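Scroll down for the structure; my scribbles are underneath it.
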Amino acid sequence: MTQPSSPAQQDAPVDLAKTTAGGGRRILPGPRADVRNLSLLGVLAALIVVGGVTRPEEFLATSNLQLVLTQASVIGVVTVGMTFVITSGGIDLSVGAIVALASVWATTVATQEYGFAGILFTAVAVGLGCGLVNGLLIAYGGMVPFIATIAMLASARGLALEITDGKTQIVTVPSVLDLGVKDAHVLGVPPLVLVFAAVVVIGWLLLNRTTFGRRTLAVGGNAEAARLAGIDVRRQRLGLYLLSGLCCGIAAFMLIVLSGSGQNTNGNLYELDAIAAAIIGGTLLSGGRGTIVGSVLGVLIFTTITNIFALNNLESAVQQIAKGAIIVAAVLIQHRTLRGRGDG
């Protein structure tokens, strides 16, 4: 049975070191979290230097830095949920489509009649509903996460297009729009960044300081061993996809505030960005190890890259190629690290 981690091992180097009698997969400790996070901070610092050198006036402007943090906040919330799912050995390819569906459902004329509370409730409820469907299909329906979430991706995108008829839905609720203006900043920090910070703190505590987090690590390390240890694996997986859906709902509301509208194209490629950020942050793609701090640094790295590319007028295709290359490099490094430690 998995033992609780020591304080020095928190934020994800908590790995299963147990093997079932039947030869279950053995996950050995990965690189120390502080060394890995320092490396990511070094990469982020290097990117900031590049941005400051290539476009000093634009990149280092306070408004641009606030924009980078705000954009990172939306995908960052999604990434927190994705980190939990990947840590458990699963995957969620529907997060972008769920964000799109939640954003358009929450911005219909009927929903906006209920004001701020109506929009927020609808976005969160739609996210939870989609997460519930994913969780039931995977945990109790026995479907492979890849297939179940691909099906949700197609269905959610289709429903979002049906609701909007391909048109942008403009938000007319002042209390929602006011959150996106400069006057709403708290000590120069945009409200969406504060929401992101709160989600990160809660996510870190949930993963590293609760039974839910330890069970997530156990299921990702060896689901059969976790079951024999008394963990309800199906209920745990259901809870994880609910958590991912909740994060998508929150992100959808944040995107509504940021753009002042709901569109069926919202959340495009969010699944790519969230998975990539989690992986380069140190979350093990095969499960059993996850890090919230690393995922946040991964999000900041990708958002900064996107901002630098945009300021230098580089094509979006180049951005996607760069992100793809980073994902491949991160996975290869993980694979070599595990092989070097005797796993696989």
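These figures come from a predicted structure and were not determined experimentally. Positions are given from 1, in the same order as the sequence printed here.
- At a threshold of 4.5 Å between non-hydrogen side-chain atoms, the residues L47 and I305 count as touching.
- For residues 265-278, the set of pairs meeting the salt bridge (Lys or Arg N to Asp or Glu O under 4.0 Å) definition, not counting sequence neighbours, comprises D273-K323.
- Applying the side chain to side chain donor-acceptor pair (under 3.5 Å) test to T62 and every residue at least two apart in sequence or in another chain returns nothing.
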Determine, stepwise, if the pair L311 / N64 fulfils side-chain contact (heavy atoms from CB on, under 4.5 Å).
CA-CA 10 Å; L311 291 178; N64 184 63; 4.0 Å; yes
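- In this structure, L194 is a member of the same hydrophobic cluster as F253, with clusters built from ILVMFWY side-chain heavy atoms closer than 4.5 Å.
- Rounding to the nearest 0.5 Å gives a distance of 13.0 Å between CD1 of I86 and OG1 of T216.
- Within 6.0 Å of CZ in F212 there are more than 12 heavy atoms belonging to other residues, nucleotides or ligands.
- Closest approach of N134 and A148 over heavy atoms only: OD1-O, 3.7 Å.
- Both V296 and V43 sit in one connected hydrophobic cluster of ILVMFWY residues. Membership requires side-chain heavy atoms under 4.5 Å apart, directly or through other members.
- Minimum heavy-atom separation, A102 to G127: CB-N, 4.5 Å.
- Within the structure, ring pair (Phe, Tyr, Trp, His ring centres under 6.0 Å) pairs that include any residue of residues 256-294 do not occur (at least two apart or interchain).
- Here the closest non-hydrogen pair linking T54 and P56 is C-CD, 3.6 Å.
- For T111, the side chain to side chain donor-acceptor pair (under 3.5 Å) criterion is met by T108, not counting sequence neighbours.
- Residue I292 holds its CD1 atom at 11.5 Å from CD1 of I202, rounded to the nearest 0.5 Å.
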Kindly indicate, with the supporting measurements, whether the criterion side-chain contact (heavy atoms from CB on, under 4.5 Å) is fulfilled by Q236 and S88.
CA-CA 9 Å; Q236 185 70 20; S88 72; over 6 Å; no
Can you list, pair by pair, the side-chain donor-acceptor contacts under 3.5 Å of residues 76-85, counting residues two or more places apart and other chains?
{"unit_1": "T79", "atom_1": "OG1", "unit_2": "I75", "atom_2": "O", "d": "2.8"}
{"unit_1": "T83", "atom_1": "OG1", "unit_2": "T79", "atom_2": "O", "d": "2.8"}
{"unit_1": "T83", "atom_1": "OG1", "unit_2": "S295", "atom_2": "OG", "d": "2.8"}

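- Every residue meeting the salt bridge (charged side-chain N to carboxylate O under 4.0 Å, His left out) condition with R227, not counting sequence neighbours, appears here in chain and number order: E224.
- Closest approach of F116 and L179 over heavy atoms only: CE1-CD1, 3.6 Å.
- Scored by the side chain to side chain donor-acceptor pair (under 3.5 Å) test, T172 finds Q112 as partners (sequence neighbours excluded).
- Across all non-hydrogen atoms, the minimal contact from T291 to T283 is N-OG1, 3.3 Å.
- Hydrophobic clustering, defined by side-chain heavy atoms of Ile, Leu, Val, Met, Phe, Trp and Tyr closer than 4.5 Å, groups L159 together with L101, V104, W105, V126, I163.
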Could you give me the CA-CA distance, side-chain angles and deciding distance for F302 and I280, then say whether side-chain contact (heavy atoms from CB on, under 4.5 Å) is met?
CA-CA 10 Å; F302 275 117; I280 70 170; 3.6 Å; yes
Considering only distance and modelled atom types, tabulate donor-acceptor pairs under 3.5 Å from the side chains of residues 238-249, sequence neighbours left out.
{"unit_1": "Y241", "atom_1": "OH", "unit_2": "I91", "atom_2": "N", "d": "3.4"}
{"unit_1": "Y241", "atom_1": "OH", "unit_2": "I91", "atom_2": "O", "d": "3.0"}
{"unit_1": "S244", "atom_1": "OG", "unit_2": "D92", "atom_2": "OD2", "d": "3.0"}

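- Residue N266 holds its CG atom at 9.5 Å from CG of L258, rounded to the nearest 0.5 Å.
- Put simply, the side chain of T303 never gets that close to the backbone of L300: no donor and acceptor are under 3.5 Å apart.
- Atom CE of M152 and atom CG of L93 lie 12.5 Å apart (nearest 0.5 Å).
- A continuous path of hydrophobic side-chain contacts links I98 to I147 [ILVMFWY only; heavy atoms under 4.5 Å].
- Using a 4.5 Å cut-off between side-chain heavy atoms of Ile, Leu, Val, Met, Phe, Trp and Tyr, with links allowed through other members, V133 and V144 fall into the same hydrophobic cluster.
- Of all the heavy atoms in H185 and V181, the pair that sits closest is CD2-O, 3.7 Å.
- Heavy atoms from other residues, nucleotides or ligands lying under 6.0 Å from OH of Y140 number more than 12.
- With rounding to the nearest 0.5 Å, the separation of CG in L206 from OG1 in T211 is 10.0 Å.
- Residue pairs meeting the side-chain hydrogen bond (donor to acceptor under 3.5 Å, both in side chains) criterion with at least one partner in residues 157-170, sequence neighbours excluded, are T107-Q169.
- Here V53 sits in one hydrophobic cluster together with V49; the rule is ILVMFWY side chains under 4.5 Å apart, joined directly or through other members.
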Trace of the side-chain contact (heavy atoms from CB on, under 4.5 Å) decision for F196 with L69:
CA-CA 9 Å; F196 176 40; L69 289 176; over 6 Å; no
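- Residues forming a side chain to side chain donor-acceptor pair (under 3.5 Å) with T304 (at least two apart in sequence, or on another chain): none.
- I275 and I138 fall into different hydrophobic clusters, where Ile, Leu, Val, Met, Phe, Trp and Tyr are joined by side-chain heavy atoms under 4.5 Å apart, directly or via other members.
- A distance of 10.5 Å separates CG of L177 from CD1 of I256, quoted to the nearest 0.5 Å.
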